[in-house]
Number of protein chains: 2
Amino acid sequence: MLKNAEFTDKLRSSGLRPTKQRLKICEVLFNRDNTFHFTINDLAKNISKVLNERISLATVYNTVHAFKKKGYLKEISINSDKSYFDTNTTNHHHFFDEDTNELIDCDDGIIETPKIKKNISGKKINSVEVLVKVATDNQNQK
Amino acid sequence: MLKNAEFTDKLRSSGLRPTKQRLKICEVLFNRDNTFHFTINDLAKNISKVLNERISLATVYNTVHAFKKKGYLKEISINSDKSYFDTNTTNHHHFFDEDTNELIDCDDGIIETPKIKKNISGKKINSVEVLVKVATDNQNQK
DNA sequence: TCAATAGTTTAGAATAATTATAATATATTA
DNA sequence: TAATATATTATAATTATTCTAAACTATTGA
C-alpha cells in the first residue's frame, strides 16, 4: 500500500504537480494487488464510489492521458467502442472475453512473443502484442 | 473484376437483398487487387468519389455491419479514435505505422501465429492476432 | 511570506463517431 | 400485382471525447 508521499514524489519527479485529484486517482489506480483494466468511465465511477468524492470527468481524462504519456498507464484497443487502459505497462499479451467484454492479462509463458521475420523498412518496432479473443463454445462467434 | 451478377448471388445466398446500394458498396470494396483497410468515413468518401453517387451514411454503416456479420469484412481496432475494417477476413497479423496511422497486412510467414499454451477454462479461442506497432527510429514512441 | 507565474481543475460547450427513428422506397413472395 | 418484409434515407439522439475559458492551486524566488 503506497502512501501519498510516494505518489507525490513520483508525480513530481515526472514533472506532474501532485494535486489532490491526481493523488486520489493514483490511489485508485495503483493501490491494488492486480492489474486494473478500465475505461475512463469505469475509473470515474470507481473514484466517486471508493473515495466518496467527485472529480470532474475532464480531469479524469486529463490525468489518465498525462499518466499514459509518462508511461504509468497503457492504452489498449480491443473494440472500437471502448478504450481500455491498463496499469500493467510492460509488454504483455491479452485474452479478451467476448462474452463479458473482459480483458485479461496473459501470464508470462502462456504465449511466446512471436518473432518478426521482416520489418517494414526504415521503421523501428515499438511493440509486438498478441490478442486472443475467446468466447463460450456455443456462442455464435464474430 | 467481379460482376454485379456475382455480387447479387453472393448477397442473396447470405440472406441479404441485393440492393442498388449494396451492389455499389461491393464494387468499391471487393473489386480491387489489394486488401482494403478503411474507416466508414473513408468508404463513404470513396463511394461518392469513385461512383460519383451518394449513398446515405446510415446505409454505409448498416451495410458495413451487415457485411461484417456475414464474414465479408473484419473489424480491426488499433487505436481508440478510429475503427478500421479489412476486406481480408482471414486470420492474419498487422503492422501499424504510428507515423502515418497506416495499417499494413502482414504477409504469410512474416510472423508465426503464436501458440497459446493455456486457455481460459470453458472458453473457445476465436482468434489469435498479432499487432506490431512501428515508427521511424527518431520518433518519440508511445 | 507573499506576489507573480505557470500549471490544473472545472463546468459546460463543442465535436465527432455512431446508432436510433420513423417515414418512404424497394425487393420478394405468393 | 398485391401484400409483406426488408432497406434506405434524412434527421434526431446518443455517446465518448476534446475544447474553452474562468477560477483555482502549486511552485518559485524576491
Side-chain angles (χ1 to χ4, degrees), chain A residues 4-5 7-29 37-48 51 53-70 72-73 75-85 101, chain B residues 4-5 7-29 37-48 51 53-70 72-73 75-85 101:
Chain A
N4 256 8
F7 289 131
T8 299
D9 290 352
K10 196 145 193 188
L11 286 173
R12 222 188 309 258
S13 74
S14 46
L16 295 172
R17 286 185 181 175
T19 64
K20 206 162 27 111
Q21 291 86 345
R22 284 177 178 163
L23 289 170
K24 298 222 167 275
I25 291 175
C26 281
E27 251 180 76
V28 172
L29 287 180
H37 291 126
F38 63 93
T39 66
I40 301 229
N41 235 310
D42 293 342
L43 179 59
K45 269 192 259 161
N46 227 292
I47 289 164
S48 43
L51 300 177
E53 187 157 337
R54 219 190 90 74
I55 295 181
S56 159
L57 191 59
T59 301
V60 181
Y61 270 94
N62 289 340
T63 304
V64 166
H65 285 126
F67 286 5
K68 178 187 161 189
K69 197 182 280 174
K70 295 299 176 184
Y72 301 140
L73 290 174
E75 191 169 5
I76 295 164
S77 295
I78 276 83
N79 56 18
S80 39
D81 31 304
K82 268 168 192 207
S83 186
Y84 290 82
F85 289 85
N101 271 26
Chain B
N4 256 8
F7 289 131
T8 299
D9 290 351
K10 195 145 193 187
L11 286 173
R12 222 189 308 256
S13 74
S14 46
L16 295 171
R17 287 185 181 175
T19 63
K20 205 160 31 113
Q21 291 84 346
R22 284 177 177 160
L23 290 169
K24 297 220 169 276
I25 292 174
C26 281
E27 251 181 75
V28 172
L29 287 180
H37 290 126
F38 63 94
T39 65
I40 300 228
N41 235 310
D42 293 341
L43 178 59
K45 269 192 258 161
N46 229 291
I47 290 164
S48 43
L51 300 177
E53 185 156 339
R54 221 189 89 74
I55 295 181
S56 158
L57 192 58
T59 300
V60 180
Y61 271 93
N62 289 341
T63 303
V64 166
H65 285 125
F67 286 5
K68 177 187 162 190
K69 197 183 280 175
K70 296 300 177 184
Y72 301 140
L73 290 173
E75 191 169 5
I76 296 163
S77 295
I78 276 82
N79 56 19
S80 38
D81 29 304
K82 267 167 194 209
S83 186
Y84 291 83
F85 290 85
N101 271 25

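Reminder, nothing fancy here: chain letters follow the sequence lines and each chain counts from 1.
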OP1 or OP2 of dT27(D) versus the side-chain N and O atoms of Arg12(A): is any pair under 4.0 Å? yes
Nearest whole angstrom, please: distance from the C1' of dT8(C) to the NZ of Lys24(A). 16 Å
Separation between OG1 of Thr63(A) and CG of Leu29(A), rounded to the nearest 0.5 Å: 9.0 Å
Tell me yes or no: between the side chains of Asp42(A) and Thr39(A), is some donor less than 3.5 Å from an acceptor? yes
To the nearest Å, give me how far apart CG (Asn41(A)) and P (dT15(D)) are. 11 Å
Rounded to the nearest angstrom, tell me the gap between atom CG in Leu11(B) and atom C1' in dT8(D). 15 Å
In short, His65(B) meets Phe85(B) closest at the heavy-atom pair NE2-CZ, 4.0 Å
Between P on dT18(D) and CD on Glu75(A), what's the gap in Å once rounded to a whole number? 9 Å
Quick check on dT8(D): is either OP1 or OP2 less than 4.0 Å from any side-chain nitrogen or oxygen of Ser56(B)? no
Counting heavy atoms from C-beta on, name the nucleotide in dT26(C), dT11(D), dG12(C) closest to the side chain of Ala58(A). dG12(C)
DNA chain C: 5'-proximal contact among Pro18(B) and Leu57(B) (nearest heavy atom): Leu57(B)
Does His65(B) place a side-chain N or O at less than 4.0 Å from the phosphate oxygens OP1/OP2 of dT19(C)? yes
Spacing of Leu43(A) atom CG relative to dT17(D) atom P, expressed in whole Å: 12 Å
Nearest whole angstrom, please: distance from the P of dA7(D) to the CG of Leu23(B). 13 Å
To the nearest Å, give me how far apart CZ (Phe67(B)) and P (dA7(D)) are. 11 Å
So, OP1 or OP2 of dT10(C): does either fall under 4.0 Å of a side-chain N or O from Gln21(A)? yes
Could you tell me how far apart Asn62(A) (CG) and dT25(D) (C1') are, to the nearest whole angstrom? 15 Å
Check the phosphate of dT26(C) against Thr19(B), side-chain N and O only, distance under 4.0 Å to OP1 or OP2. Yes or no? no
For the base of dA7(D), is there a side-chain donor-acceptor partner from Arg22(B) under 3.5 Å away? no
Just N and O in the side chain of Tyr61(A): are any of them under 4.0 Å from OP1 or OP2 of dT17(D)? yes
Approximate separation, where rounding is to 0.5 Å, of Arg17(B) CZ and Leu11(B) CG: 12.5 Å
Take Leu16(B) and Arg54(B), find for each the nucleotide of DNA chain D with the closest heavy atom, and name the residue whose nucleotide sits nearer the 5' end. Leu16(B)
Verify, without hydrogens or angle tests, whether Lys70(B) (side chain) and Ser14(B) (backbone) share a donor-acceptor contact under 3.5 angstrom. yes
